[in-house]
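Right, one structure below, let's go through it.
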Amino acid sequence: MSAYKQFNTQDLIVSPLEVNKGFYFKGGGILTGSDIGINRFTGSRGDYLTSGSQLSGTIPDQQIPSVLVYDSIKQLYYSNYLSGRGGFISNAITSSILLGANREGDTLIGGVQQTNFYNYEQTTLWPNKIFPTGTNTLTTQDSDYIVTQNGSLITSTENVSIGVISIPSKLFGDYIQPNSFYLEGPSGSIKDDGEGRLLWQHPNSPATNYEYMGGNIIYQHGIVTLFDSITEGSDLTDVYGTGLYGGALYGGNRTSRIDYIESFVSGSNVTMSFSSSYKLFETQYQCTIDENEFNYTLNPSAITGSQIPTIFSGSNIEWENTSSIGTPLGFVTSSYFEPYITTVGLYDENSQLLAVGKLAQPLQSSPTTDTTILVNIDR
């Protein structure tokens, strides 16, 4: 048996609740499992009409053309930075003023060009978004060259590659938590700095020796981009002075971009970990029992000779309620009798039971003060 009470508007409180979960994966085969689905791509610059059949992706049934990987990443996250330097947006092109006889006679010459793409910025600080587009002119400031093992320089105009790691939304939830992403492979380890920029560590470097590299993480999309132009080699055999000042470190061989990327996006010897965040909405129902309410038991066993009412099926529905012919036990009629509450049920307007809450221990009702039971439901 039950007793009902209607909720008022002030009895319901809806509040957000953010929950976090950490993930750890070891091995390329684990990443591509059906219950995980972390796909890794190699993107390359090119013409889709001539090279669109070159597919990329570590999950066979989810492969896409590598040129589309390159173009989509460039458009979504780096289109405002293509003409800038040092990972910054290029300066706006403003109009010139042709002075007239007075201010009303001044004339603006030239159009105003501004960047007009939203590139999902992860920081208000230095974004470090340098996207490799390829160039035929090799300078010490360009990130589109490769330093080979013998120290020679070649342009990367015909073979510009990027790496992309796509984490599905079922894992990253609303976003990947900053300072939680970690990726380890044969070329070293990578972690994010909490501002969407990636730091790289050579496998032979000290544990704290992380450097900036060309790559970013888009926390709210679960997208990781990798495209460093050169990385420090493990053999220190170069003669002092052979390294390119400003573009390489003295005394170290270099690894090409494609080899560096492939070790992370195609290799099986990788380890990845990150934490995801997901926002839930918690509805709190305040079940308030006034001092004059629910002070009498509804348990039929408190009445002598009682039975639970029974419905007999047939052509005519008959009711038998024998509890009404009994008399309450003596302790029930005592002025000191205070029943215990063990269960709270939530019903809709049609008296259909929606949820049941069991108290950790029976709660004695009070005839002198109001009692409030809080029921929290996450959704």
Side-chain angles (χ1 to χ4, degrees), residues 20-33 35-43 56-59 62 66 69-70 73 77-78 120 122-123 127-132 143 161-173 175-234 255-277:
N20 305 313
K21 183 178 181 180
F23 295 91
Y24 176 84
F25 308 108
K26 186 173 183 179
I30 299 298
L31 297 178
T32 58
D35 57 337
I36 298 175
I38 297 180
N39 209 342
R40 296 175 291 165
F41 302 93
T42 300
S56 176
T58 52
I59 301 179
Q62 298 181 16
S66 60
V69 174
Y70 179 91
I73 292 297
Y77 307 118
Y78 298 93
Y120 301 95
Q122 306 300 300
T123 179
N128 194 27
K129 284 192 171 183
I130 303 176
F131 191 81
S143 62
S161 299
I162 65 170
V164 177
I165 301 175
S166 177
I167 302 174
S169 59
K170 66 180 179 181
L171 296 183
F172 72 79
Y175 62 90
I176 295 177
Q177 284 192 312
N179 286 313
S180 70
F181 180 79
Y182 177 81
L183 178 64
E184 184 178 5
S187 296
S189 58
I190 296 171
K191 68 176 183 180
D192 74 288
D193 67 347
E195 301 288 347
R197 299 168 298 200
L198 295 180
L199 306 175
W200 170 74
Q201 179 195 41
H202 190 275
N204 297 335
S205 299
T208 58
N209 187 19
Y210 278 86
E211 300 176 307
Y212 277 105
M213 59 163 290
N216 300 93
I217 177 172
I218 313 300
Y219 297 113
Q220 68 268 37
H221 289 178
I223 294 293
V224 179
T225 61
L226 303 172
F227 39 78
D228 199 11
S229 57
I230 51 177
T231 60
E232 184 179 357
S234 58
T255 303
S256 67
R257 173 193 289 126
I258 188 63
D259 293 336
Y260 172 82
I261 293 174
E262 289 294 333
S263 66
F264 287 112
V265 301
S266 299
S268 59
N269 186 20
V270 293
T271 300
M272 181 186 300
S273 62
F274 58 89
S275 294
S276 64
S277 180

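Just so you know, these numbers come straight off a predicted model, no measurement behind them.
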Tyr24 meets the ring-ring contact (aromatic ring centres under 6.0 Å, His included) criterion, sequence neighbours left out, with none

Taken in chain and number order and not counting sequence neighbours, the residues that satisfy ring-ring contact (aromatic ring centres under 6.0 Å, His included) with Phe41 are none

Subject >> Backbone of Arg40 reached by a side-chain donor or acceptor of Thr58 within 3.5 Å >> reply: yes

Interatomic distance, CD1@Ile73 vs CD1@Ile223, rounded to 0.5 Å, equals 5.5 Å

Q. Quick one: are Ser276 and Asn20 in side-chain contact, heavy atoms under 4.5 Å?
A. no

Interatomic distance, CG@Leu171 vs CD1@Ile36, rounded to 0.5 Å, equals 7.0 Å

Applying side chain to side chain contact (heavy atoms under 4.5 Å, CB included) to Gln122 and not counting sequence neighbours gives Tyr120, Ile218, Tyr219, Gln220

Residues passing the ring-ring contact (aromatic ring centres under 6.0 Å, His included) test with Phe181, sequence neighbours excluded, are none

Exercise. Within a strict 4.5 Å, meaning less than it, do heavy atoms of the Asp193 and Thr123 side chains meet?
Worked result: no

| Are the side chain of Thr271 and the backbone of Glu184 linked by a donor-acceptor contact shorter than 3.5 Å? | no

message: Under a 3.5 Å threshold, yes or no: a donor from one side chain and an acceptor from the other, between Ser277 and Gln177?
response: no

Closest non-hydrogen atoms of Pro132 and Ser161, given as atom of the first, atom of the second and distance, are CG-O, 4.3 Å

Taking every heavy atom of Gly222 against every heavy atom of Phe172, the minimum-distance pair comes out as CA-CD2, 3.8 Å

Applying ring-ring contact (aromatic ring centres under 6.0 Å, His included) to Tyr70 and not counting sequence neighbours gives Phe131

Just so I know, are the side chains of Val265 and Val164 near enough to count as touching, which here means a heavy-atom distance under 4.5 Å? no

dist Ile59:CD1 -> Asn39:CG (nearest 0.5 Å) comes out at 4.0 Å

Rounded to the nearest 0.5 angstrom, the OG-CD1 distance for Ser268 and Ile30 is 11.5 Å

Task: Side-chain donor-acceptor pair present, Ser180, Ser275, cut-off under 3.5 Å - done: no

Exercise for review: Measure the shortest side-chain to side-chain distance between Ile38 and Phe274 over non-hydrogen atoms and say whether it is less than 4.5 angstrom.
Suggested key: yes

Taking the side chain as every heavy atom from C-beta outward, state whether Ile162 and Tyr78 have any pair of such atoms under 4.5 Å apart. no

Interatomic distance, CD1@Ile176 vs CD1@Ile167, rounded to 0.5 Å, equals 3.5 Å

In short, Ser263 meets Pro186 closest at the heavy-atom pair O-CD, 3.6 Å

Nearest heavy-atom approach of Trp200 to Ser187 is NE1-O, 2.9 Å

Sub-3.5 Å donor-acceptor pair from the side chain of Asp192 to the main-chain atoms of Asn179, do we have one? yes

Sorted by chain and number, sequence neighbours left out, side chain to side chain donor-acceptor pair (under 3.5 Å) with Ser266 holds for Glu262

When rounded to the nearest 0.5 Å, the distance separating CG of Asn216 from CZ of Phe227 is 5.5 Å

Exceeds 12 heavy-atom contacts within 6.0 angstrom, atom NZ of Lys170 = yes

